[in-house]
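To keep things clear, I will list the structure first and then write my remarks on it.
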Amino acid sequence: MASYSSHLLSLLVFLPAAAAFLGLGARGLGLLRRDVALWYGSLFVTVLTFGLGMMLSPNSEEKYTWIPQLGVSYALSLDGLSVWFVLLTLLVMPIALFASMHAIRDRVAEYCFHMLLLETAVLGSFLAADMFLFYVFWEVMLVPMLFIIGIYGGKERLFASMKFVLFTFVGSACMLVSIMVLVYMHKLQFGVPSSYLPDLLRVHGAIIPSRLLFSAFALAFLIKMPCFPLHTWLPDAHVQAPTAGSVILASLLLKLGGYGLVRIAFPLFPEAAHFFQPLGMALGATAVIYGAWVAIVQTDMKKLVAYSSVSHMGAVVLGLFALNSIAMAGSIAQMISHGFATGGLFLIVGMIYERFHTREIAAFGGLARSMPKMAFFLVLMTFASVALPGTSGFVGEFLILLGAWQTMPVYAGIAALSAIFGAVYMLKWIERILYGQAKSPSLAVDLSHREILILLPFTLGIFWLGLMPGSFFHQLEPSILKMQFFLTTGGYHHG
Amino acid sequence: MDVPFYICAGIGIAAAFSVILQRRAVLSVLSLMVVLITCAAMYAMLGAHFLAVLQILVYAGAVMVLFVFVVMLLDPEILPEEVRPQSILERLWIFILTLGVSTIFAMLVWVFAHRYVPYRQMGADNTEKVSLLLFSEHIAAFEATSLILIAAIVGALTLSKRHRKAKG
Amino acid sequence: MVESFAAALFLIGLLGIVLRRTILVMLMSLELMLNAVNLTFVAFGQQQGLLTGQVYVFFTMTIAAAEAAIGLALVIALFRTFRSVDTHAVHGMRE
Amino acid sequence: MQLAFLCFLPFLASIFNGFWYLFAKKPWKMAAGVVSTLALFTSFCLASALAFHDVTFSLPWIATGSFELPFVLRLDHLSSIFVLVITGVGTLIHIYATVYMAHDSGIQKFFAYLSLFCGSMLVLVLGGSLPILFCGWEGVGLCSYLLISFWFDDSEKAKAGAKAFIVNRIGDVGFLLGMFVLFQACGSLDIETLTHAQLSPTTVLIACSLLFFACTGKSAQIPLYIWLPDAMAGPTPVSALIHAATMVTSGVYLVTRLHVLFDAAESLHIVMATVGGVTAFVAATIALVQDDIKKVLAYSTVSQLGYLFLACGVGAYEAAVFHVVTHAFFKALLFLAAGSVIHGMDGEQNMWKMGGLKKAMPVTFATFTLGWLAICGIPPFSGFFSKDEILFHTFTSGHTGLWALGLVTACMTAFYMTRLYIVTFLGTKHTHAHESSWGMLAPLCVLACLSALGGIFGHMISHTLAFHAEAESSQLEWILMLVSACIAGLGIALAFFMYDESRQPIRARIQKQYGWLSTALAHAWYVDEAIDLVLLKPLRQIYGFVWRTIDVLCIDGFIMLLASGGRASGDVLRLIQPGFLHISIACMVMGAFFIMGYMVYGQL
């Protein structure tokens with residue numbers, strides 16, 4: 001595939017970071033005195049990056065040697081798979097910033113700094129083609145997230161941010177070790193060490209170590225996913241994070257787990273992927289059901305949505321581990337649709353919190369009467385996340401279950417039950433807050449135009465992916481084929 | 001065979017025991033002085049004349065004076081009366097220790113006796129050769145010792161200065 | 001011959017450090033041990049016919065002097081804060 | 001191209017109304033109804049224009065690698081019948097609803113949902129491949145949820161909506177699994193390829209039973225019928241359109257659409273027939289004692305649907321379709337008439353509080369009579385022909401037991417419908433009720449004619465359907481017709497005898513004697529309570545239990561253990577360093593001894 005190196009990628013990645021430091025410096029020198037200037041400045045930057053992102057062609061590449069001794073190269077590449085995640089990031093960032101304008105009052109300079117730094121880190125991770133660079137961005141991403149949750153969060157924000165960071169650290173530590181081992185194996189076989197992904201794909205190791213390495217990578221990505229046994233950091237992080245933090249956490253950070261599996265873990269160790277397939281699918285299926293069951297008993301809105309994310313990501317894990325093209329396309333579609341639906345849900349929960357200052361479901365009632373617009377968006381987002389046909393959720397869920405049924409019917413069957421439990425917890429929640437008698441009607445002010453503008457992109461995204469996903473799958477095509485090539489042939493020639 | 005050696009050794013051992021067993025710190029300082037002097041004698045017997053003189057001048061002279069000075073400064077009355085080791089544990093501990101030490105001593109003596117190597121005569125110009133060696137091979141170490149001494153002086157000064165602030 | 005004497009000196013110094021409770025006496029037994037070591041240096045140097053033993057004694061002597069100075073300064077400082085030089089009373093190292 | 005236009009028109013109307021409701025509140029209330037009705041009416045005209053032609057329309061939708069899933073709409077003989085029913089009856093109900101809901105504040109929202117429903121129903125009926133059909137299937141489920149809990153102020157109604165949606169979802173899971181089995185077997189989900197594909201009997205059996213399970217969910221058969229009676233919480237036009245005429249028949253549509261597959265699954269036939277028959281019977285028994293008009297009609301719908309599945313079970317697909325059409329007419333008529341009664345009585349639904357409405361609401365009374373005669377199966381009316389055809393086919397296909405059950409149910413149907421008829425309209429009590437306006441009465445009259453003439457129309461379409469319609473000996477047919485007519489007459493006579501004013505003491509005695517039976521029937525055989533006890537309560541325990549143990553206890557507990565483990569070991573280690581100088585020196589010395597010992601030992 002023709003790929004021409006363009007400096008656009010590096011510009012895209014580092015523009016937000018540059019603006020972040022600039023903003024902080026300016027505030028230090030006393031230039032951008034008023035907060036409003038900072039808000040709109042950073043908003044302008046994110047919109048600018050969005051524009052820049054639009055100009056990218058989906059298979060541009062960029063590679064420079066960085067640390068020759070270690071074989072580390074500064075390599076960014078954009079292909080059919082990562083283009084969607086990059087676009088999602090570019091879309092979510094301005095929305096998150098715009099949504100947090102009213103919520104965050106003090107320490108605005110640091111807040112903008114962290115948000116822009118976060119954007120750079122996330123863009124970098126999605127674009128990185130060098131394992132070392134990927135790891136660097138993967139770690140850098142934690143720092144701003146830690147501060148966003150740690151400073152601007154709820155009451156026990158320190159505990160939550162600590163838990164979030166430690167969980168991810170454990171995973172990334174294993175990942176770093178396996179990256180090092182891989183680079184070393186590359187050195188053994190090809191003389192020169194290199195952590196550039198295409199080079200590493202040529203490395204073929206014996207069975208046992210490649211399984212070990214795969215499980216190390218998988219651990220890091222499954223924690224980030226989050227998948228069933230390793231998910232307890234998500235509800236705490238979401239409950240304590242500010243609205244924008246939750247949206248970014250839900251829409252972007254969770255996708256890195258899935259992206260990592262597809263881009264790194266599976267192609268590098270195809271044989272191990274096939275070996276761990278039953279376990280992976282079992283975990284996915286249990287996560288789906290477990291997430292739904294636990295969500296039913298939640299009383300805090302954000303926790304409920306967090307557990308619904310666990311359930312959706314479980315479906316994604318199921319789809320990914322099914323290792324066939326339909327399920328893989330489905331899980332990527334599900335990831336993007338989860339970004340839209342759950343991001344939207346968190347925004348709405350944030351708006352409700354701004355009005356009522358409580359997230360306890362029991363404290364609400366009869367909002368549909370006084371807030372019809374909010375009710376419309378809430379019902380739409382809910383049904384998108386319950387995979388109703390016509391919304392993006394259905395496209396993802398249907399393809400995942402269809403693909404997973406080809407390989408492991410039992411697990412696909414279990415995951416299909418999620419449609420019921422999903423409906424139960426979503427309707428229970430909606431019914432509690434939207435219908436019935438109004439509990440505090442005075443506070444219930446309907447959405448302002450600003451808030452509708454915030455929710456609009458996600459709504460359009462849901463309908464775009466739900467009704468016209470043609471362009472989405474067309475772009476995804478080459479990467480899925482490449483993945484299939486690796487999984488079928490790559491896996492067994494040295495099996 | 002060399003009677004003077006045995007005399008010095010006897011005096012040295014006795015003085016050493018008195019250093020650790022004396023009630024009064026002043027007496028142990030003096031007995032330490034005696035031990036140093038016997039060591040100087042030993043050096044002389046072994047032909048290391050430069051060291052013997054050095055020992056007397058530096059060690060016995062300067063360091064011991066320092067000790068005497070500190071002992072006097074610390075006003076012996078307030079030195080605590082040594083409490084006789086009462087508890088069984090402490091007696092047992094002492095017994096074990098002495099037993100261990102003596103077995104090690106016996107082993108060492110046995111080893112030294114076993115590998116008896118005669119002392120060679122090094123010749124009269126000991127000081128010349130040692131100083132030659134000192135200033136040729138070990139010149140770097142020699143300069144380093146000056147640094148160490150300076151550091152020690154500065155350290156001692158800062159430590160013993162009364163810090164008004166530290167007190168607060 | 002000389003080495004066994006030095007060994008004896010060394011062990012006596014060791015006993016001194018372990019058994020005695022006053023820091024001063026411990027410092028003195030420390031000096032004792034140092035001297036024992038110097039003695040062995042010279043003795044073994046003599047047996048091998050090399051003078052390096054004696055050069056090292058020279059260096060250990062300077063270090064012993066420095067060490068004694070610092071040790072005593074510490075003792076004074078210690079004495080000022082703890083009013084006593086008994087090791088059992090002085091146990092602030094834990095926290 | 002018109003097919004696409006036909007299908008998407010209601011969606012456009014729904015979007016228009018939706019925006020209008022959300023963003024512009026002030027305009028003329030009735031306009032929303034007019035917009036939706038016009039949209040549906042144009043669809044109806046298009047449908048009648050395209051009727052019975054084979055038209056297909058396809059848009060690319062999902063295409064990943066080898067798997068192609070285009071958005072295909074296909075109109076053929078069977079689906080055009082359903083489309084005509086949906087758009088025709090739908091338009092009538094829209095006109096009725098415009099007047100019925102005139103004073104409701106959320107009328108735009110109501111018509112947005114109604115048009116969305118018609119759109120999804122059209123997608124369901126026209127769907128060329130199973131996933132598209134599934135899209136319509138769930139879309140319809142969504143709209144029924146939104147419409148049932150339309151008056152959401154009362155949380156009871158909201159719960160009924162949620163219950164309907166969840167029970168439908170349970171059925172939909174069956175649909176999903178059925179689709180996956182078929183896809184795995186024959187690699188494509190297009191209905192054409194499926195009907196022509198050679199599949200192994202076991203896969204066909206599994207797939208068909210799963211799809212049948214989905215139909216029971218959607219068309220309210222035995223295991224999953226509990227949601228339909230509660231769905232009466234929605235406004236009456238909704239009950240008429242969704243829970244009588246269109247949505248509930250989608251199950252039958254699915255079975256008839258895939259009749260080739262269902263024919264291949266022999267052992268499923270008897271199951272389907274018995275489920276249909278038993279549902280019909282049970283629902284009829286419950287309807288005997290209901291006091292709320294809409295509940296009676298709801299259970300009667302469940303019972304009639306039972307007939308449909310009975311017909312499908314015995315392979316009489318044309319009879320089933322014919323009955324669907326006639327049922328759509330008279331059941332919509334009965335619901336709308338009941339609606340106008342409720343409207344007239346300002347929301348009163350308990351039939352015992354009515355009575356003698358003959359004089360107060362003459363037109364409603366007249367149309368209701370026609371509907372009543374049709375549903376009881378009195379010869380000239382449509383109900384008779386379609387129900388008789390089903391019973392005839394059940395008899396000829398050898399299921400005499402089921403035929404008998406069908407007959408008894410027919411009798412009961414006649415009985416409870418006449419009971420409803422007498423109590424609400426006849427009798428001397430003259431409750432004051434104002435007759436509805438012509439906007440509501442016109443559709444009633446049209447539906448009345450349709451349900452009257454439906455019989456003749458039915459014969460025409462049942463012979464044109466391409467299925468295996470073989471000619472039976474007419475002599476047996478006449479006898480069976482006579483038998484079912486007598487049964488209907490018996491039922492009506494019995495009801496007249498029982499529910500005449502003067503018979504009050506007899507009814508009291510029976511009530512006293514069989515009190516337990518009537519309360520059991522009133523509570524629908526305590527099915528709801530049983531399900532709640534057996535299934536829902538333990539499930540709720542499980543949810544709570546799962547969260548508390550696995551999430552809070554196991555995973556978080558384990559991690560907290562790790563964390564506190566670290567701290568505890570830190571504390572313990574700290575004790576080892578007491579700070580007493582002499583102890584440390586002693587340890588040092590002992591260490592030295594050991595090392596020397598080891599070195600020496602090593603030498604030896």
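Chain A is the first sequence line, chain B the second, and so forth, proteins listed ahead of strands; every chain is numbered from 1.
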Legend entry - Which atoms of A/Leu230 approach chain D - backbone, side chain, both or neither, heavy atom under 4.5 Å: neither

Legend entry - Qualifying residues under salt bridge (charged side-chain N to carboxylate O under 4.0 Å, His left out), relative to A/Asp236, sequence neighbours excluded: A/Lys163

Legend entry - Heavy-atom pair with the smallest gap, counting every atom of A/Val297 and D/Gly544: CG1-N, 3.5 Å

Legend entry - Contact leader toward chain A among D/Glu138, D/Lys109, D/Met179, where contacts are heavy-atom pairs under 4.5 Å: D/Glu138

Legend entry - D/Phe180 versus chain A, the contacting section by heavy-atom distance below 4.5 Å: both

Inset, instruction - Heavy-atom distances under 4.5 Å only: say whether A/Leu481 touches chain D with side chain, backbone, both or neither. - result: neither

Inset, instruction - Could you pull out the closest heavy-atom pair between D/Ser105 and A/Arg369, with the gap in Å? - result: OG-NH1, 4.0 Å

Inset, instruction - List the steps, then state whether ring-ring contact (aromatic ring centres under 6.0 Å, His included) holds for A/Phe383 with D/Tyr145. - result: CA-CA 12 Å; A/Phe383 279 110; D/Tyr145 161 72; 5.8 Å; yes

Legend entry - Toward chain D, the part of A/Tyr290 with a non-hydrogen atom under 4.5 Å: side chain

Inset, instruction - Name the member of A/Tyr425, A/Phe228, A/Tyr435, A/Phe167 that forms the most heavy-atom pairs with chain D at distances under 4.5 Å. - result: A/Tyr435

Legend entry - A/Leu476 side chain reached by D/Thr64 side chain, heavy atoms, under 4.5 Å: no

Inset, instruction - Pick one of side chain, backbone, both or neither for D/Leu176, based on which atoms fall under 4.5 Å of a heavy atom in chain A. - result: side chain

Legend entry - Close approach to chain D in residues 413-421 of chain A, criterion heavy atom under 4.5 Å: A/Gly413, A/Ala416, A/Leu417, A/Ala419, A/Ile420, A/Phe421

Inset, instruction - Please examine the side chains of A/Gln406 and D/Phe183, heavy atoms only from C-beta on, and report whether any two atoms are closer than 4.5 Å. - result: yes

Legend entry - A/Phe376 side chain near D/Tyr21 side chain, heavy-atom distance below 4.5 Å: no

Inset, instruction - Answer whether the closest heavy-atom distance between the side chains of A/Tyr307 and D/Trp547 falls below 4.5 Å. - result: yes

Inset, instruction - Output the option from D/Ser155, D/Ala158, D/Ala563 having the highest count of non-hydrogen pairs under 4.5 Å with chain A. - result: D/Ala158

Legend entry - Among A/Phe472, A/Trp293, A/Trp233, residue most engaged with chain D (heavy-atom pairs, under 4.5 Å): A/Trp293

Legend entry - Separation of D/Leu189 CG from A/Phe398 CZ (nearest 0.5 Å): 5.5 Å

Legend entry - Which portion of D/Ala63 sits near chain A, non-hydrogen atoms under 4.5 angstrom: backbone

Inset, instruction - Identify the two heavy atoms, one from D/Phe152 and one from A/Leu434, that lie closest to each other, and give their separation to 0.1 Å. - result: CD1-O, 4.4 Å

Inset, instruction - Against chain D, label A/Ile480 side chain, backbone, both or neither, depending on which of its atoms sit under 4.5 Å from a heavy atom there. - result: neither

Legend entry - Contact leader toward chain D among A/Ile296, A/Ile430, A/Leu402, where contacts are heavy-atom pairs under 4.5 Å: A/Leu402

Legend entry - pair D/Trp61-A/Val395: side-chain heavy atoms closer than 4.5 Å: yes

Legend entry - ring-ring contact (aromatic ring centres under 6.0 Å, His included) between D/Phe134 and A/Phe394, intermediate numbers included: CA-CA 11 Å; D/Phe134 183 70; A/Phe394 174 71; 5.8 Å; yes

Legend entry - D/Lys157 versus chain A, the contacting section by heavy-atom distance below 4.5 Å: neither

Legend entry - Which portion of D/Leu69 sits near chain A, non-hydrogen atoms under 4.5 angstrom: side chain

Show which side-chain atoms of residues 113-120 of chain D pair as donor or acceptor with protein atoms under 3.5 Å away, not counting sequence neighbours.
{"unit_1": "D/Ser115", "atom_1": "OG", "unit_2": "D/Ser36", "atom_2": "OG", "d": "2.9"}
{"unit_1": "D/Ser115", "atom_1": "OG", "unit_2": "D/Phe111", "atom_2": "O", "d": "2.8"}
{"unit_1": "D/Ser120", "atom_1": "OG", "unit_2": "D/Leu116", "atom_2": "O", "d": "2.5"}

Legend entry - Atom group of A/Leu166 that falls short of 4.5 Å from chain D, counting heavy atoms: neither

Legend entry - Sorted by number, residues from residues 325-336 of chain A in contact with chain D (heavy atoms, under 4.5 Å): A/Ser325, A/Ile326, A/Ala329

Legend entry - Nearest heavy atoms of D/Ile166 and A/Ala423, plus distance in Å: CG1-CB, 4.3 Å

Inset, instruction - Evaluate the criterion side chain to side chain contact (heavy atoms under 4.5 Å, CB included) for residue pair A/Leu388 and D/Arg169; output intermediate values, then yes/no. - result: CA-CA 10 Å; A/Leu388 192 82; D/Arg169 281 296 271 215; 4.2 Å; yes

Legend entry - Which portion of D/Val181 sits near chain A, non-hydrogen atoms under 4.5 angstrom: both

Legend entry - Shortest non-hydrogen separation from A/Lys373 to D/Leu22 and the atoms involved: CE-O, 3.5 Å

Inset, instruction - Measure distances from A/Phe377 to the heavy atoms of chain D and classify the residue's part below 4.5 Å as side chain, backbone, both or neither. - result: neither

